[in-house]
Amino acid sequence: MAKFNEILAASFIFAVAFNLDLVYSKLSNSMFITWGLQHATIQANGEDLQLVLDKASGSAAQTKKAFLFGSIEMLIKMVPGNSAGTVTAYYLSSTGSQHDEIDFEFLGNISGQPYIVHTNVYTQGIGNREQQFYLWFDPTADFHNYTIHWNPAEIVWYVDGLPLRVFRNYEKEGIAYPNKQGMKVYTTLWNADDWATRGGLVKTNWNDAPFIARLRHFRARACKWNGPISISQCSAIVAANWWTNPWYSKLSHAQMGQLDWVRKNYMIYDYCRDFKRFNGHMAPECFKNQF
Ligand SMILES: *[C@@H]1O[C@H](CO)[C@@H](O)[C@H](O)[C@H]1NC(C)=O
Ligand SMILES: *[C@@H]1O[C@H](CO)[C@@H](O)[C@H](O)[C@H]1NC(C)=O
């Protein structure tokens, strides 16, 4: 019996290890362009992705594979100059009306005015969980690291290693958490001048087109989605599933301090504080200590 369990455990670990998708392969092997084929390009030996927006079209790319848990990492240099009206999005999403989604969106601005980082999370088709931030640097001057850590305990949005936002799993208390659907990684550059800049007041100036966002160093150190079997495989507490290590289930004290610094100095919108919009009926997680 013990022997049998060992064999079972060994084959399970093998299955999990096999499932772990270390996408150190080139961006060109893991992503493909889905919109604006005449614009968007994958360059520099398949490592750099350039998204272009002009009056004719925006552009987009997505991964071939879907993932459930792990770390999704991308270096991005936002549209420089007058980027008002443009939105560069980098997000994870499943499909269907009950879809899950984890978003990073970057709302452009006129030259010299600050970008807004817009974040949201959808669970089973429902979003309305926006948080927005300014950045502590000019995101158009250089590449910066935008990473989503996603595990059974929490989702953390990181910018250059600093946590911007945390969404914890309170499923036991009846709050839906994205842990049963594989998500692909998408990136898009499009015109959203009806809402993006100063709430839609500043429009895209097409004289400044083409608008170009640059992305590189895509890494999905994540569990590959192979259908419903992945729900248990990707959340199993085994070494190969590094994201299930207790180390990643909660921010460290130092990280909590960083999150606090970001929130105090750079947060400009929090759905948990928008009593007017929700008429006082705040989302249940707003009453939790979400770190
Ligand atoms: C990007 O940030 C993540 C999260 O902090 C980190 O794990 C990763 O090593 C960083 N990547 C680079 C290239 O700096
Ligand atoms: C753009 O700049 C204006 C003025 O500084 C600011 O109010 C706004 O939040 C900035 N960002 C966006 C995306 O509107």
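Numbering of ligands and ligand atoms starts at 1, following listing order.
Of all non-hydrogen atoms in G85 and N191, the two that sit nearest each other are O-OD1, 3.5 Å. Pairing each heavy atom of T140 with each of K77, the nearest pair is O-CE, 3.3 Å.
Counting the atoms of ligand 2 from 1 in the order shown, those under 4.0 Å from a heavy atom of T197 are 14 (O). For ligand 1, the atoms lying closer than 4.0 Å to a non-hydrogen atom of G161 are 5 (O). Close approach of ligand 2 to Y134 (heavy-atom distance below 4.0 Å) involves ligand atoms 6 (C), 7 (O), 8 (C), 9 (O). Interface atoms of ligand 2 facing R198, defined by a heavy-atom separation under 4.0 Å, are 3 (C), 12 (C), 14 (O). For ligand 2, the atoms sitting less than 4.0 Å from at least one non-hydrogen atom of L107 are 13 (C), numbered in the order shown with element in parentheses. Residue-ligand proximity, G108 to ligand 2, at heavy-atom distances under 4.0 Å covers atoms 13 (C). Near N145, with a cut-off below 4.0 Å to any heavy atom, the atoms of ligand 1 are 1 (C), 2 (O), 3 (C), 8 (C), 10 (C), 11 (N), 12 (C), 14 (O).
Here the two rings, on W247 and H149, have centers that are 6.0 Å apart or farther. F69 and W150 have their aromatic ring centers within a separation under 6.0 angstrom.
Atom 10 (C) of ligand 2 has its nearest heavy-atom neighbour, among T86, N109, V202, L201, in N109.
Nearest protein neighbour of atom 7 (O) of ligand 1, counting heavy atoms only, is R221 NH2, 4.1 Å. Among all non-hydrogen protein atoms, the one lying nearest atom 5 (O) of ligand 2 is Q113 OE1, 2.5 Å. Of the protein's non-hydrogen atoms, the one nearest atom 13 (C) of ligand 1 is E73 OE2, 3.4 Å.
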What's the verdict on ring-ring contact (aromatic ring centres under 6.0 Å, His included) for F167 and W157, showing C-alpha distance, side-chain angles and the deciding distance? CA-CA 9 Å; F167 183 79; W157 288 251; 7.3 Å; no
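Counting heavy atoms from C-beta on, the side chains of R165 and R129 come closer than 4.5 Å.
With values rounded to the nearest 0.5 angstrom, N128 atom CG is found 5.0 Å from R277 atom CZ.
Using a 3.5 Å distance cut-off with no hydrogens or angles, the side chains of Y158 and N145 do not pair a donor with an acceptor.
Residue contacts with ligand 1, taken as heavy atom pairs separated by less than 4.0 Å, involve H217 solely via side-chain atoms from C-beta onward.
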